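Computed from a predicted structure; not experimentally measured.
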Amino acid sequence: MKWIPIKDKLPDKSGKYFVSTKPHAGHYHDSVEKAWFGINESIFWQGKLGRSNFQDITQFVTAWMPLIEPYKEEKNDY
């Protein structure tokens with residue numbers, strides 16, 4: 001997977017993504033964070049879905065990529 005600059009393309013569907021951000025409130029350097037993307041609003045935000053206390057971080061996002069799948073142990077059928 002590769003980073004996709006937001007100037008080139010936004011996600012095709014709503015969901016949670018990794019985002020690369022430039023410095024902003026509480027962050028003094030570039031960072032990688034998880035954020036929600038809302039396709040209808042075309043915004044990235046952090047906080048809980050359905051709550052009014054989310055933070056729109058779209059202006060700080062420089063690139064995004066899909067989340068990787070969590071590790072799952074293989075089942076041994078012995």
Side-chain angles (χ1 to χ4, degrees):
M1 290 192 298
K2 294 168 62 173
W3 287 106
I4 302 166
I6 63 167
K7 64 180 181 176
D8 293 347
K9 182 180 178 190
L10 290 172
D12 294 331
K13 62 182 180 177
S14 296
K16 203 164 192 179
Y17 295 87
F18 284 124
V19 293
S20 179
T21 62
K22 57 188 173 186
H24 62 284
H27 299 269
Y28 301 102
H29 50 79
D30 295 343
S31 63
V32 173
E33 306 173 38
K34 289 181 189 174
W36 290 95
F37 178 75
I39 190 115
N40 293 336
E41 305 88 4
S42 293
I43 64 168
F44 287 96
W45 77 87
Q46 292 179 317
K48 299 208 182 276
L49 282 174
R51 303 268 175 108
S52 60
N53 62 344
F54 68 87
Q55 178 185 10
D56 178 353
I57 62 167
T58 307
Q59 64 183 328
F60 307 111
V61 175
T62 56
W64 62 275
M65 74 168 60
L67 296 179
I68 58 173
E69 291 294 321
Y71 171 78
K72 292 181 183 174
E73 268 189 64
E74 292 183 31
K75 291 183 180 180
N76 291 326
D77 295 326
Y78 291 92

task: Supply the atom-to-atom distance Trp64 CH2 to Asp8 CG, rounded to the nearest 0.5 angstrom.
output: 10.5 Å
- line: Correct closest heavy-atom pair for Ile39 and Pro11 would be CD1-O, 3.4 Å
Separation between NZ of Lys16 and CG of Leu67, rounded to the nearest 0.5 Å: 7.0 Å
- request: For Asp12, check salt bridge (Lys or Arg N to Asp or Glu O under 4.0 Å) against everything at least two apart and list the hits.
  value: Lys9
- request: Hey, could you give me the CG/CD distance between Asp56 and Glu41, rounded to the nearest 0.5 Å?
  value: 9.5 Å
query: Under 3.5 Å, is there a donor-acceptor pair between the side chain of Ser20 and the main chain of Thr62?
result: no
task: Work out which heavy atom in Ser42 is nearest to a heavy atom in Thr58; give both atom names and the distance.
output: O-CG2, 4.2 Å
Heavy-atom side-chain proximity of Phe44 to Thr21 below 4.5 angstrom: no
- line: Output for pair (Trp3 CH2, Phe18 CZ), nearest 0.5 Å, gives 7.5 Å
- prompt: How many angstroms lie between atom CD of Gln59 and atom CD1 of Ile43, to the nearest 0.5 angstrom?
  reply: 11.5 Å
Interatomic spacing from OG in Ser14 to CZ in Phe37 - rounded to 0.5 Å: 7.0 Å
query: Once the angle between the rings of Trp45 and Trp36 is folded into 0 to 90°, is it parallel (under 30°), tilted (30 to 60°) or perpendicular (over 60°)?
result: parallel
